[in-house]
2 protein chains.
Amino acid sequence: MVSGSRTGEFQDTMIKRTKGVTISQVADAAGVARSSVSRAFTRPDMLSPETVERIMKAAEALGYVPNHTARALSTGRHGNIGLIVPDIANPFFPPLIQAAQLEADRSDFCIFLGNTEENPKQEDKLVGRFAGQVEGLVLASSRLTDERIRAHAAQLPLVLINRDIEGIPRVLIDSGSGVRQAVEHLAKLGHRRIVYVSGPSNSWSNKQRRTAIRAAASKFNMEIEIVPAVLASYNSGRNAVGAILASGATAAIAFDDLTAQGVLAGLSEQHVSVPVSFSLIGCDDVLGAVTYPGLTSVSNRSNEAGKLAVSLLLEMLDNRSIRDVRYVLETHLVIRGTTTSALD
Amino acid sequence: MVSGSRTGEFQDTMIKRTKGVTISQVADAAGVARSSVSRAFTRPDMLSPETVERIMKAAEALGYVPNHTARALSTGRHGNIGLIVPDIANPFFPPLIQAAQLEADRSDFCIFLGNTEENPKQEDKLVGRFAGQVEGLVLASSRLTDERIRAHAAQLPLVLINRDIEGIPRVLIDSGSGVRQAVEHLAKLGHRRIVYVSGPSNSWSNKQRRTAIRAAASKFNMEIEIVPAVLASYNSGRNAVGAILASGATAAIAFDDLTAQGVLAGLSEQHVSVPVSFSLIGCDDVLGAVTYPGLTSVSNRSNEAGKLAVSLLLEMLDNRSIRDVRYVLETHLVIRGTTTSALD
DNA sequence: ACTTGACATGCAACCGGTTGCATGAAAGTC
DNA sequence: GACTTTCATGCAACCGGTTGCATGTCAAGT
């Protein structure tokens with residue numbers, strides 16, 4: 001499996017690890033009490049300017065850096081937050097993670113990242129592992145039950161992304177709005193029978209999309225069939241193609257772009273050309289115009305969601321209070337090349 | 001900018017934050033000394049089985065969870081490692097991050113994730129921020145100078161990915177091997193003049209690829225021109241198209257797939273069809289067969305690199321020693337649809 | 001029966017900071 | 001000049017664990 005070569009000398013050397021300068025050393029060097037050094041760093045206004053300068057000079061000379069862990073222990077604030085996502089490799093998340101990290105960084109917070117592999121057990125485990133060392137947590141597209149989430153929320157400040165639980169601050173990307181536009185778009189193109197290739201059953205977004213599609217389809221008098229794709233992935237999309245074609249539909253909306261892409265691949269294997277004989281719409285718009293033809297999709301606002309969730313969390317930590325907040329980010333349809341008029 | 005709506009009641013509630021059960025409370029409940037409770041959790045073999053059981057029962061009843069921070073302070077081990085990457089949103093990294101996280105998790109380690117936005121200053125800042133609370137660090141595709149990296153390595157255990165500095169453990173993805181195959185492939189197709197669309201100038205991978213291409217081109221008697229693309233991105237690839245066409249080349253190899261994709265888009269805007277009148281090869285193979293035509297590319301092994309780097313780091317932490325290790329992961333050319341015979 | 005050793009447990013110092021309170025000196029008030 | 005106020009600083013307790021060493025107990029060895 002691992003076929004890499006391995007070269008280099010194997011001279012083991014003991015780690016030299018500079019065993020940090022402590023506050024006491026600085027205090028001695030500056031001829032003050034430890035508490036003064038502490039204050040010089042945390043509330044310099046309490047000390048005379050000259051003392052602060054003397055301490056800072058000594059600290060600098062010694063290369064003193066306050067020990068984060070010790071500080072966290074006595075203050076109870078570690079300046080870290082956790083971010084847990086189901087699948088880092090799913091292109092929906094990297095922009096979210098990036099924006100979250102950036103926002104945290106602006107407040108000098110560090111981010112723990114956890115990947116649950118879509119597995120609630122793993123998610124629970126990670127929450128527990130993080131709980132002790134973060135001030136708060138952002139759960140993106142959590143696969144946990146409402147009960148578990150509530151239980152965790154009782155332990156530490158929590159913000160949810162794409163999960164709607166009353167009483168817990170949450171940021172929701174309303175793909176419903178975009179999905180409704182998608183159905184309307186298909187209706188106008190003359191499609192009468194469509195399928196929804198669904199995603200993970202414990203995904204809130206999936207429920208939301210399915211509901212929106214059902215409602216919109218009935219509004220436009222279209223028939224709708226649900227074809228399950230176990231995971232949000234290329235392969236499950238591809239595997240769903242049989243069922244899709246069997247349904248007799250002329251168009252499909254997939255849970256996300258990855259699934260849609262799998263469907264696209266599966267269709268072309270069956271020599272069904274898109275969009276000529278079948279129309280396809282994705283969700284989350286993570287592929288941009290990369291595919292050919294460019295995939296018609298529903299916009300995502302995952303980066304905004306990530307940023308918003310973190311700033312919400314930091315605000316909560318500042319106020320030491322939680323608010324029952326519910327932010328909704330609306331989406332819209334992005335029309336590209338995979339949709340066109342129905343044949344018949 | 002933020003156009004989301006906002007609803008919900010704003011009943012601020014104070015955070016109830018269960019203020020943890022301490023070791024002393026458990027000790028009292030079990031009628032033992034704090035040290036015994038500590039040992040029950042860390043070295044149960046030192047205690048009589050009955051005592052351990054009694055303590056555990058008391059702990060369970062109270063819902064005691066050892067305080068991570070306190071433990072870290074007294075032992076000096078926090079069970080965290082940091083991972084710093086230049087750009088989370090670059091599809092090269094998510095698999096790397098995911099694999100790293102998974103590997104860390106196997107040893108009950110948590111991962112701090114940092115994003116430098118390709119900015120050395122930001123990278124330095126993050127290393128500093130992390131330094132106090134991690135046992136070791138993985139730097140992926142670092143944009144720092146050798147000096148800075150060496151300086152950091154003196155402070156804490158460090159493993160590099162795609163950066164070759166003697167004395168510091170490193171995992172290298174040898175895109176050279178794949179790139180050589182790419183050049184050979186183009187040579188066999190009859191291309192005599194090619195361009196390399198380069199990436200970030202402080203990127204080790206970029207240097208490596210450029211060097212490999214130069215060497216291989218001269219071996220096959222091909223002319224080679226370097227066209228710079230400031231960042232590794234879609235847009236810089238697109239912007240490079242003018243220079244590419246001006247060079248009179250019939251084929252190009254791009255620093256990475258994103259850049260290649262930008263080039264692809266730019267070419268099609270200029271009505272240059274690929275592969276009919278121009279051949280194009282990417283690097284890192286992050287797009288799979290997504291584009292149409294599928295992009296010929298050089299395989300990446302980023303997930304293996306992430307996993308390897310973390311396991312190397314954990315091993316170092318266990319042994320408390322560093323080894324001058326240099327792992328090399330070889331790559332190969334993946335031929336798809338963007339390359340064909342030269343016209344002339 | 002007396003020594004010796006093994007073993008289980010407690011004591012107290014320590015990790016490196018923060019913070020409420022006490023102290024003493026300088027400045028302000030009448 | 002005596003009295004209060006203000007302000008800078010130090011003392012010592014505390015955050016919640018870990019760990020070297022001392023102590024006491026009990027069984028084995030002779």
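Labels below follow one simple rule: chain letters A, B, ... track the order of the sequence lines, proteins then strands, and each chain is numbered from 1.
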Between [Y] and [X], is the closest basic N to carboxylate O distance under 4.0 Å?
{"X": "B:Lys57", "Y": "B:Glu53", "answer": "yes"}
{"X": "B:Asp324", "Y": "B:Arg170", "answer": "yes"}
{"X": "A:Glu103", "Y": "A:Arg106", "answer": "yes"}

For C:dT19, does OP1 or OP2 lie under 4.0 Å from any side-chain N or O of A:Ser38?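 Looking at the OP1 and OP2 atoms of C:dT19, neither is under 4.0 Å from any side-chain N or O of A:Ser38.
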Check the phosphate of D:dG10 against A:Ser36, side-chain N and O only, distance under 4.0 Å to OP1 or OP2. Yes or no?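 True: A:Ser36 side-chain N/O within range (under 4.0 Å) of D:dG10 OP1/OP2.
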I need the [atom1]-[atom2] distance between [X] and [N], as an integer number of Å.
{"X": "B:Met46", "N": "D:dG20", "atom1": "CE", "atom2": "P", "result": "9 Å"}
{"X": "A:Leu73", "N": "D:dC15", "atom1": "CG", "atom2": "C1'", "result": "4 Å"}
{"X": "A:Arg34", "N": "D:dA8", "atom1": "CZ", "atom2": "C1'", "result": "19 Å"}
{"X": "B:His78", "N": "D:dT18", "atom1": "NE2", "atom2": "C1'", "result": "15 Å"}
{"X": "B:Arg43", "N": "C:dT9", "atom1": "CZ", "atom2": "P", "result": "14 Å"}
{"X": "B:Asp45", "N": "C:dA6", "atom1": "CG", "atom2": "P", "result": "17 Å"}
{"X": "A:Leu47", "N": "D:dT6", "atom1": "CG", "atom2": "C1'", "result": "15 Å"}
{"X": "A:Phe41", "N": "C:dG16", "atom1": "CZ", "atom2": "C1'", "result": "13 Å"}

Check whether the side chain of B:Ser35 and the base of C:dC11 form a donor-acceptor pair under 3.5 Å.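 Counting by modelled atom types and ignoring angles, a donor-acceptor contact under 3.5 Å is found here.
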Please determine whether any donor N or O and acceptor N or O are separated by less than 3.5 Å between the side chain of A:Arg39 and the base of D:dG10.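 Indeed, a donor on one side and an acceptor on the other fall under 3.5 Å apart.
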Hey, does [X] reach any base, or is it just sugar-phosphate, or nothing, if we go heavy atoms under 4.0 Å?
{"X": "B:Val32", "result": "sugar-phosphate"}
{"X": "B:Thr51", "result": "sugar-phosphate"}
{"X": "A:Thr42", "result": "sugar-phosphate"}

Would you mind telling me which of D:dC11, D:dG17, C:dG17 lies closest to the side-chain atoms of A:Ala33?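 Ranking D:dC11, D:dG17, C:dG17 by closest atom to the A:Ala33 side chain puts D:dC11 first.
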If you pin A:Ser24 and B:Arg54 to their nearest nucleotides in DNA chain C, which one's is more 5'?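 Per heavy-atom nearest nucleotide, the more 5' residue is B:Arg54.
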Short side-chain to backbone donor-acceptor contact, B:Arg143 and B:Glu118, under 3.5 Å: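 Flag not set: sc B:Arg143 to bb B:Glu118 has no pair under 3.5 Å.
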So, the side chain of B:Arg163 versus the backbone of B:Leu144: is there a donor-acceptor pair under 3.5 Å, distance only?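 Flag set: sc B:Arg163 to bb B:Leu144 pair under 3.5 Å.
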If you find the nucleotide of DNA chain D closest to A:Ser74 and the one closest to B:Thr75, which residue's nucleotide is nearer the 5' end?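 Residue closer to the 5' terminus by nearest nucleotide: A:Ser74.
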